[in-house]
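Beneath this line is the structure, given in structure tokens, with notes to follow.
Note that ligands are numbered from 1 as they come in the structure, with each ligand's atoms numbered from 1 the same way. Heavy-atom basis, side chains included; hydrogens, waters and symmetry copies ignored.
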Amino acid sequence: MTYEEASRRQAEALRDKKGVRILALETSCDETAAAVIEDGRKILSNIVFSQIDLHELYGGVVPEIASRAHMEACDRVVDEALRAAGMELADVDALAVTKGPGLVGALLTGVNCMKGLAFAAGKPLIGVNHIEGHVSANYLTNPDLEPPFLCLVVSGGHSHIVEVRDYTEFRVLGRTHDDAAGEAMDKAARAMGLPYPGGVHLDRVSKDGDPHAYQLPHPRVDGAPLDFSFSGLKTAALNILNNARQKGETVSVPDLGASYIRAVTDCLLERVTLAAEQTGSRTIVLAGGVSANSVLRRRMAELCAQKGWKLYVPELQYCGDNGAMVAAQGYYEFRAGHTAGLSLNAVASLPIEAEAEQ
Ligand code: KG4
Ligand code: ZN
């Protein structure tokens, strides 16, 4: 029997099992992360090895350095996740890995690592979409959350408004035409002299700033009211900094930072409001690295309270990239019978499921 046949049969046999344990690995960007999760919700272990120190020097992620660091760390991080869960490879039911989107070289290291382990252990393999993983981070600490809901996914690479119809069924309602929200935060932060990753530091230094000190544009996309465009906003912030520099004036980073975060969150809140009104959804969920932003969390909570919508946010430690979210989504893919073969490949750009069927 081929590995693929055996894997399909195992997945079928485990269909109604309680206590399904998924071991997952995430290597799409600059975190090598592994976790063991039971039934998609219960975290048995979650190990995150961040490469921030390696990339800080360059002010951003250097793809080859990231891939090489994953190559060195993958096995150790997976071992640690198993050990912390008190398990051996034989004790898990299936293995999940991020297959995209992300840095392709970085993704390939994780896919190859898990493919080897799945084959060696004779366990089913599941390829997980990273964005869907971010959505699933919400299941880890919100036990009552179930689809359908409306999700704002804001990360370093993506800004999507997604209608989550079911655990493995998504429809993208809005997307960015240029920079992602996190990317826009990072680029502006870098221009303000803040270290990598900029969004985190921008949030921190802007806490005491005046969010109305600078009037920044709120770009819209003609004919696509749910889509985003952040590059004009970023350019406006860069122009303020450059003009001040030329005139020998100083810019208050807390004030510009707070104004910038206000403008980004204004754009996010406006689209979420419109999407909720269009779809009639009364459950709003945040996901992705930028969902850790303190202003976004506070303003989204205020908006939802005012509208009578229920808001779910991931716990701070699960906003950024982690293995637990990949294991959570992997569990639901497994339940839906979505196992991968040994030809599983990594893809830099991977649409969130059903997008093409819109
Ligand atoms: O989801 P994530 O960890 O990686 C990607 O899938 O891209 O998101 C990383 C992004 C970075 O742009 C980072 O600056 C941003 O999330 N980020 C934040 C905050 N924490 C992380 N942006 C604003 N405020 C934060 N507190
Ligand atoms: Zn991510």
Proximity flag R204 to ligand 1, non-hydrogen atoms under 4.0 Å: no
Between E26 and T98, a side-chain donor and acceptor under 3.5 Å: yes
Closest candidate by heavy atom, reference atom 14 (O) of ligand 1, pool N293, L316, D186: D186
Any G157 heavy atom less than 4.0 Å from ligand 1: yes
CG on D179 to OG on S231, rounded to 0.5 Å: 5.5 Å
Closest protein heavy atom (residue, atom, distance) for atom 21 (C) of ligand 1: G289 O, 3.3 Å
Numbered atoms of ligand 1 (with element) below 4.0 Å of G182, judged on heavy atoms: 12 (O)
Aromatic plane relationship, H134 with H130 - under 30° parallel, 30 to 60° tilted, over 60° perpendicular: perpendicular
Y196 and H55 aromatic ring geometry - parallel, tilted or perpendicular at 30°/60° bounds: perpendicular
Every N, O or S from the protein that is nearer than 2.8 Å to the Zn ion (ligand 2): H130 NE2, H134 NE2, D321 OD1
Nearest-neighbour protein heavy atom for atom 2 (P) of ligand 1, which is reported as residue plus atom name and distance: D321 OD1, 3.4 Å
Residue G156 vicinity, atoms of ligand 1 by number, heavy atom under 4.0 Å: 5 (C), 7 (O), 8 (O), 9 (C), 10 (C), 12 (O)
For G199, the ligand 1 atoms whose distance to one of its heavy atoms is below 4.0 Å: 14 (O), 18 (C), 19 (C), 22 (N), 23 (C), 24 (N), 25 (C)
Flag if over 12 foreign heavy atoms under 6.0 Å of CE, M71: no
cation_pi(R76, F49) dist<6.0 Å, angle<=45: yes
Part of H130 within contact of ligand 1 (heavy atoms, under 4.0 Å): side chain
Residue portion contacting ligand 1 (non-hydrogen atoms closer than 4.0 Å) for H158: neither
Ion pair R190/D186, N-O distance below 4.0 Å: no
For G320, atoms of ligand 1 separated by under 4.0 Å from a heavy atom: 3 (O)
Ring centers of Y331, Y139 separated by less than 6.0 Å: no
